[in-house]
2 protein chains.
Amino acid sequence: MPAKKNNYRFEEILDKHQLKKTDARLRVLSMLASKNFATSQPDLEEVMVDVDRGTLYRILNAFEEKGIIHKVFDLNGTANYALCNSDCEENHHHDEHLHFNCVQCNNVYCLNDLDLPDLNLPEGFKSLNFSLSVTGICPKCGKKSK
Amino acid sequence: MPAKKNNYRFEEILDKHQLKKTDARLRVLSMLASKNFATSQPDLEEVMVDVDRGTLYRILNAFEEKGIIHKVFDLNGTANYALCNSDCEENHHHDEHLHFNCVQCNNVYCLNDLDLPDLNLPEGFKSLNFSLSVTGICPKCGKKSK
DNA sequence: TTTAATATGCAACAATGTAGCATTTACTTT
DNA sequence: AAAGTAAATGCTACATTGTTGCATATTAAA
């Protein structure tokens, strides 16, 4: 399977993190970038059947460690992956955004530009990071059922 | 293994949901009630070695459907279980509380009594439920590292 | 073009979760 | 107290998800 055209951006990302530009990696990046919601592990595997499953896991783990993608678990505990904001650094993610998990299509949307609440935790709890996860009906499924 | 004493409360819960009072179920309930943080699937299996794994899964699924317990996935995607608020109804949970996941001991604490934020989602998204998940250092681990 | 580091494929494995079916148990009704 | 029934359990087999070691292939640098 040939590499996609217009991969400049993805090649740059790999370069920046000293990862070799391989076809499998570029395809993962372009798949994650092509949707406005996160991609589930099973979906990824289906598209990437021609690459070894172990390799796919290694690619995803490497991307996550480098801060290129982040992982979200949906309602069923299935892993979903999405590209990070550009300000994520290695081993120090900044993904304090809202994840919306549709109960119908099960898609996970990353809604970045929302005011997030101030937290006041009980004595002794020190927060490093947080994620707000909302379940409900997404616009696509809402339209369908009307 | 004999049933624990002082199980009145747990027997009542099972009665209320028309579940038969078995030793395994009472033990699961008393284990979940004994800690102020959620219990992971592996921990649960370790304590319940003498009951079949399949049975344990069935117990947990039944409890969850009845609204007796709820499931939270921790940072690693591992299932964790905790008793619900008493106002959870069958197939209609009300667990809009905060889950605090300690990055050190990995425990998940359910912090119920917090003001939760008002959400204003983008056009078209209808929220049914939400959960706020915070990662950080819990009081126990905070003390240790001092 | 050669080299060295790194990615991949393959195989084996561990962990997690589900389902069918025979047997046992809890609870109801005599 | 005994019998009957619905439900729960144990067992087995299986599917899915994720990891690891090692040989081979590929990328990118010298």
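Throughout, a chain's letter reflects where its sequence line sits, starting with A, and its residues are numbered from 1.
Atoms CZ (A:R53) and C1' (D:dA15) sit 11 Å apart, rounded to a whole Å. As rounded to whole Å, 14 Å separates atom C1' of D:dA8 from atom NZ of B:K66. Across the protein-nucleic acid pair, B:Q18 atom CD and D:dA7 atom P stand 10 Å apart, rounded to whole Å. The separation between B:Q41 atom CD and C:dA14 atom C1' is 15 Å, rounded to whole Å. The nearest whole Å value for the distance from the CG atom in A:L14 to the P atom in C:dT8 is 10 Å. Across the protein-nucleic acid pair, B:E64 atom CD and C:dT18 atom C1' stand 15 Å apart, rounded to whole Å. The CG atom of B:L44 sits 16 Å away from the C1' atom of C:dA15 (whole-angstrom rounding). Protein atom NE2 of B:H17 is 19 Å distant from nucleotide atom C1' of C:dC27, rounded to whole Å.
In this structure, the side chain of A:N106 does not engage the main chain of A:N101 through any donor-acceptor pair within 3.5 Å. A donor-acceptor pair under 3.5 Å is formed between the side chain of B:D52 and the backbone N or O of B:G54. For B:D74 (side chain) and B:V72 (main-chain N/O), no donor-acceptor pair under 3.5 Å exists by modelled atom type. No donor-acceptor pair under 3.5 Å is formed between the side chain of B:R25 and the backbone N or O of B:I59.
Nearest heavy atom pair, residue A:H70 against residue A:E64, reads CA-CG, 4.4 Å.
Contact annotation: B:T55 side-chain N/O to D:dA8 OP1/OP2 distance is not under 4.0 Å. Contact check, A:N61 against D:dG18: no side-chain N or O comes under 4.0 Å of OP1 or OP2.
Interatomic distance, CD of B:Q104 versus CD1 of B:I137, reported as 4.5 Å (0.5 Å rounding). Taking CD from A:E12 and CG from A:D15, the interatomic distance works out to 8.0 Å, rounded to the nearest 0.5 Å.
Looking at heavy-atom distances under 4.0 Å, A:E45 makes no contact with the nucleic acid at all. Within 4.0 Å (heavy atoms only), A:R25 reaches sugar-phosphate atoms of the nucleic acid but no base atom. Contacts of B:N76 with the nucleic acid, taken as non-hydrogen atoms under 4.0 Å apart, are absent.
Nearest to the side chain of A:Y57, among D:dT19, C:dT18, C:dG9, sits D:dT19. With D:dT12, C:dG9, D:dT19 as the choices, the nucleotide that has an atom nearest any side-chain atom of B:D52 turns out to be D:dT12. Considering only the side chain of B:I59, D:dT9 comes nearest among C:dG17, D:dT9, D:dG10.
For a distance-only test at 3.5 Å, the side chain of B:R58 fails to qualify as a donor-acceptor partner of the base of C:dG17.
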N/O-N/O pairs, protein side and nucleotides 25-29 of chain D side, under 3.5 Å:
residue, atom, partner, partner atom, Å
D:dT27, O2, A:K20, NZ, 3.1
D:dA28, OP1, A:K21, N, 3.0

